[in-house]
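Before any comments, here is the structure.
Note on naming: letters A, B, ... go to the chains in the order of the sequence lines (proteins, then strands), and numbering restarts at 1 for each one.
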There are 2 protein chains.
Amino acid sequence: MRGYDKYAFEPFAVTVDLAVLTLRAGALHVLLVERGQEPYLGHWALPGGFVLPNESAETAARRELAEETGLADVSGLHLEQLRTYSEPDRDPRMRVVSVAFAALLPDAPEPRGGGDAAQARWLPYDGAQPLAFDHDRILADAHDRVGAKLEYTCLATAFCPPEFTLGELQQVYETVWGTGLDRPNFRRKVLATPGFVEPVPGGGARLTGGRGKPAALYRAGTATTLHPPLLRPPREGRSA
Amino acid sequence: MRGYDKYAFEPFAVTVDLAVLTLRAGALHVLLVERGQEPYLGHWALPGGFVLPNESAETAARRELAEETGLADVSGLHLEQLRTYSEPDRDPRMRVVSVAFAALLPDAPEPRGGGDAAQARWLPYDGAQPLAFDHDRILADAHDRVGAKLEYTCLATAFCPPEFTLGELQQVYETVWGTGLDRPNFRRKVLATPGFVEPVPGGGARLTGGRGKPAALYRAGTATTLHPPLLRPPREGRSA
DNA sequence: CCTTTAATGGTCGTACCGACTATAAACCTG
DNA sequence: CAGGTTTATAGTCGGTACGACCATTAAAGG
């Protein structure tokens, strides 16, 4: 099927769906909107919308991200295309093909309504709540992807503010992976990876709550990949 | 933009594009079709086609794979969704959103025409040949993805016939990565990973050309991921 | 028969990583 | 203010993995 012109084709609606993730109070949270109409009236759903005629899916995703979060500048946020969901019956109204993205936010301002009546809120990531459409699966895929990319990329800093402590960076890993990590070993590994983080020149004032010894501040480095990777502890299945 | 009904939307054509990769004579090859019409008349392009009204993108990709390769059974082949390309001007004729897939084939039968006039052929992967549309980028993304997944999954066996030698498996890594690997170390690593490969019970007759000591035959194991991963040798940039 | 080729088996040293202990600098409590 | 708590930081130690080798075996070829 090489020639477009000689085959009839069905036009599809193309949308983007966003799994916007952040860390609030040491727990992973997702930005969800409450549906105001059928189907799935009253259910929570991932934010998203149509791709406009002159937009790429990435452009549409960033526009939706700005609209839904109410943030003035979303240009620096990490936005990653997950995959495209195209099951014929995923939306009962019509044929909708949706390109899913994951977005990572450092802090979590409570979203304004964005001019739309339906409320948008940060809800904790449980993995259990039934979302509208196939959004449970999209959200689970987003979680899997982010967890995997933490191993071999510097993605974790996308969850952190511009200046952060190593304790905060470790919390990102622990929260997304759901495991505990040894603090000295984590510190050794991160500092031994050139370009992962770099110390803030001025000196290390603390940012955290206040208890304990003040921590040094770091910024995200210039590296994007981790060689060798920072592997998560193997699942306690069985050892051969 | 929560409600579909209250916004106008532009219908898009949705297609799939396939980067079908195989190993022929120790080199990576790609299945390409020659375009028989404008635009890009005479250029090589990735095989692909429209997603039909009752198909998912995965279904359409597998159908196209069967049509283009002429293989009777493509159900066991590894098919992986790469990402979706949706730049508004990627096809000059109309708005086309394309879901790209990578397919991995063990052996490489010369493709029949598939009933279509345009010829389909295996061409060596150079990364230099200018393909039609944005297919150069899709092909490069496919190569990157496959190379990366070799590190932490058992994907390499998808390039191998049902029974293979460790030398053939090593050739997959060396060809895709473009590097040489130490044979004893590769062997030790593969055999130390439970579930990666398992010996053929009957005994190890050779399959390869004939020179050298006959190699034992193995089958793909049940594992899907490699823990710890089989990292490719670091690029010779500089060491800190 | 000797060379060539490739598979297989093994050694050795280093780097890394997990587990663990120790010290330092802040706060809180009485 | 003394002492305990909390968190950050420094360091040790042993096992494992892995890269760089070397050696042996089993075939084909001249």
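Among the atoms of the strands shown, base atoms are found under 4.0 Å from some heavy atom of A/R188. Using a 4.0 Å heavy-atom distance criterion, A/P184 is classed as a base contact.
Here the P atom of nucleotide D/dT16 and the CG atom of B/L230 are 20 Å apart, to the nearest Å. One interatomic measurement links the two molecules: CG of B/L169 to P of C/dA6, which rounds to 17 Å at whole-angstrom precision. Between the P atom of D/dA17 and the NE2 atom of A/H227 lies a distance of 20 Å, rounded to the nearest Å. Here C/dC16 presents its C1' atom at 14 Å from CG of A/L226, a figure rounded to the nearest Å. Put simply, CG on A/L231 is 20 Å from P on C/dA15, counting in whole angstrom units. If you take CZ of A/F186 and P of C/dG18, they are 12 Å apart, rounded to a whole angstrom. Following rounding to the nearest Å, A/R183 (CZ) and D/dT6 (P) show an atom-to-atom distance of 12 Å. Rounded to whole Å, atom C1' of C/dA6 lies 11 Å from atom CD of B/Q170.
At C/dG9, one or more side-chain N or O atoms of B/R187 fall inside 4.0 Å of OP1 or OP2 (strictly under the cut-off). For D/dC18, one of the phosphate oxygens OP1 or OP2 lies less than 4.0 angstrom from a side-chain nitrogen or oxygen of B/K189.
Note that A/R188 lies outside the cation-pi zone of A/F186, set by a 6.0 Å cut-off to the ring centre and a 45° limit from the axis.
Of the candidates C/dA25, C/dG18, D/dA8, C/dG18 carries the atom nearest the A/N185 side chain, counting heavy atoms from C-beta on. The side chain of B/R211 lies closest to C/dA6 when the candidates are C/dA25, C/dA6, C/dG9.
Take A/R137 and apply the salt bridge (Lys or Arg N to Asp or Glu O under 4.0 Å) test, not counting sequence neighbours, and it matches A/D141.
Ring geometry for A/W177 against A/Y173 counts as perpendicular: the plane angle is over 60°, on a 0 to 90° scale with 30° as the lower cut.
One finds a salt bridge joining B/E58 and A/R83 here, because a Lys/Arg side-chain nitrogen approaches an Asp/Glu carboxylate oxygen to under 4.0 Å. With respect to the salt-bridge test (charged N to carboxylate O, under 4.0 angstrom), the residues A/R121 and A/E34 do not qualify.
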